[in-house]
Amino acid sequence: MERISIKDIIALSENNDKTLLYGQFLDDFYYEKEKENKYNLIKDEPAHMQGEDVFMCMLACAAHKLARDYGLKIPDWVMKSKYVLKKKYYAFDTKNKEYQEYLEKTTPEEYRSRNLMLGDTVLERR
């Protein structure tokens, strides 16, 4: 069965829900046993989606964090400045100050350094 790579998410999103595709990518990544195959799922930069800066940043953050967590080479594309948000974005676009503080404390560094505050469960699947 063909696995969905991080690049495929954008390529397939014209006819499919990008959030569902992202979830499928995570499932495929976690299910994959071989390190080389895991790396192949994150190595290629996805095409840019206009007006989707937060989502594009999330993809770069995920690739960066997964590479670190699994001892893979960090793909060069994730370090591009276009994957850093100009201002902080909080999960659910929350305006609640206490929740914002919690998110800032718990968000992994790969996300926090790009101004994307999503908390410590950002890569969990249930």
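Note that this is a predicted model, so its numbers are computed, not measured.
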Quiz item: Between L41 and F25, is a side-chain contact (heavy atoms from CB on, under 4.5 Å) present by the stated rule, with each step listed?
Solution: CA-CA 8 Å; L41 293 176; F25 155 74; 4.0 Å; yes

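- Contact of the L59 side chain with the Y22 side chain is registered, since non-hydrogen atoms from C-beta on lie closer than 4.5 Å.
- Formation of a donor-acceptor pair under 3.5 Å by the N37 side chain with backbone atoms of E32 is not found in this model.
- Side-chain atoms of S13 and N16 form no donor-acceptor pair, as typed in the model, at a separation below 3.5 Å.
- Looking only at side-chain heavy atoms (C-beta outward), Q24 and L20 stay at 4.5 Å or farther from each other.
- Of all heavy-atom pairs between G119 and P108, the closest is O-CD, 3.4 Å.
- For the atom pair CZ of R112 and SG of C61, the computed distance is 11.5 Å after rounding to the nearest 0.5 Å.
- Side-chain contact between C57 and V84: absent, with no pair of heavy atoms (C-beta onward) separated by less than 4.5 Å.
- Heavy-atom neighbours of K105 NZ from other residues, nucleotides or ligands within 6.0 Å: at or below the threshold of 12.
- The aromatic rings of Y99 and F92 sit parallel to each other, their planes meeting at less than 30°, with 60° as the upper class boundary.
- What you find for R114 and V78 is that their closest heavy atoms are NH2-O, 2.9 Å.
- A continuous path of ILVMFWY side-chain contacts below 4.5 Å connects L116 to Y83, so both sit in one hydrophobic cluster.
- To the nearest 0.5 angstrom, E36 atom CD is 13.5 Å from K73 atom NZ.
- Side chains of L66 and L123 form a contact here, defined as non-hydrogen atoms less than 4.5 Å apart.
- Residues E104 and Y90 have side chains that bring a donor and an acceptor to within less than 3.5 angstrom of each other.
- By the 4.5 Å heavy-atom criterion applied to side chains, K43 and W77 are not counted as neighbours.
- Hydrophobic cluster membership differs between M58 and L103, with clusters built from Ile, Leu, Val, Met, Phe, Trp and Tyr side chains linked at under 4.5 angstrom.
- Side-chain N or O atoms of T107 include one that pairs as donor or acceptor with a backbone N or O of L118 at under 3.5 Å.
- Remark: I6 CD1 to D28 CG distance equals 12.0 Å, nearest 0.5 Å.
- A 4.5 Å side-chain heavy-atom check between I74 and M79 finds at least one atom pair inside the cut-off.
- A 6.0 Å sphere centred on OH of Y102 holds no more than 12 heavy atoms belonging to other residues, nucleotides or ligands.
- No side-chain N or O of Q100 forms a donor-acceptor pair with one of N96 less than 3.5 Å apart.
- In this structure, E101 CD and T106 OG1 are separated by 11.5 Å, a value rounded to the nearest 0.5 Å.
- There is a path of hydrophobic side-chain contacts, each under 4.5 Å, that joins F29 to M56.
- Listed here is the closest heavy atom pair of L72 and Y39: CD1-N, 3.9 Å.
- With contacts defined as side-chain heavy-atom distances shorter than 4.5 Å, the pair V122/E110 does not qualify.
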Practice problem: Kindly indicate, with the supporting measurements, whether the criterion salt bridge (charged side-chain N to carboxylate O under 4.0 Å, His left out) is fulfilled by K7 and E45. | Solution: CA-CA 6 Å; K7 183 179 181 178; E45 182 175 10; over 6 Å; no

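- How far CG of N40 is from OG of S5: 9.0 Å, rounded to the nearest 0.5 Å.
- R3 CZ to K38 NZ: the interatomic distance, rounded to the nearest 0.5 Å, is 8.5 Å.
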Quiz item: When you look at K18 and I10, which way does the side-chain contact (heavy atoms from CB on, under 4.5 Å) test go after all the steps?
Solution: CA-CA 7 Å; K18 70 183 185 307; I10 302 304; 5.6 Å; no

Quiz prompt | Residues Y70, Y30; criterion side-chain contact (heavy atoms from CB on, under 4.5 Å); working and verdict | solution = CA-CA 10 Å; Y70 287 86; Y30 291 137; 3.3 Å; yes

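- Note that K87 lies outside the cation-pi zone of Y89, set by a 6.0 Å cut-off to the ring centre and a 45° limit from the axis.
- Relative to the six-membered ring of Y111, K65 misses at least one condition, a distance below 6.0 Å or an angle of at most 45° to the axis.
- Using a 4.5 Å heavy-atom cutoff, the side chains of L85 and V54 are in contact.
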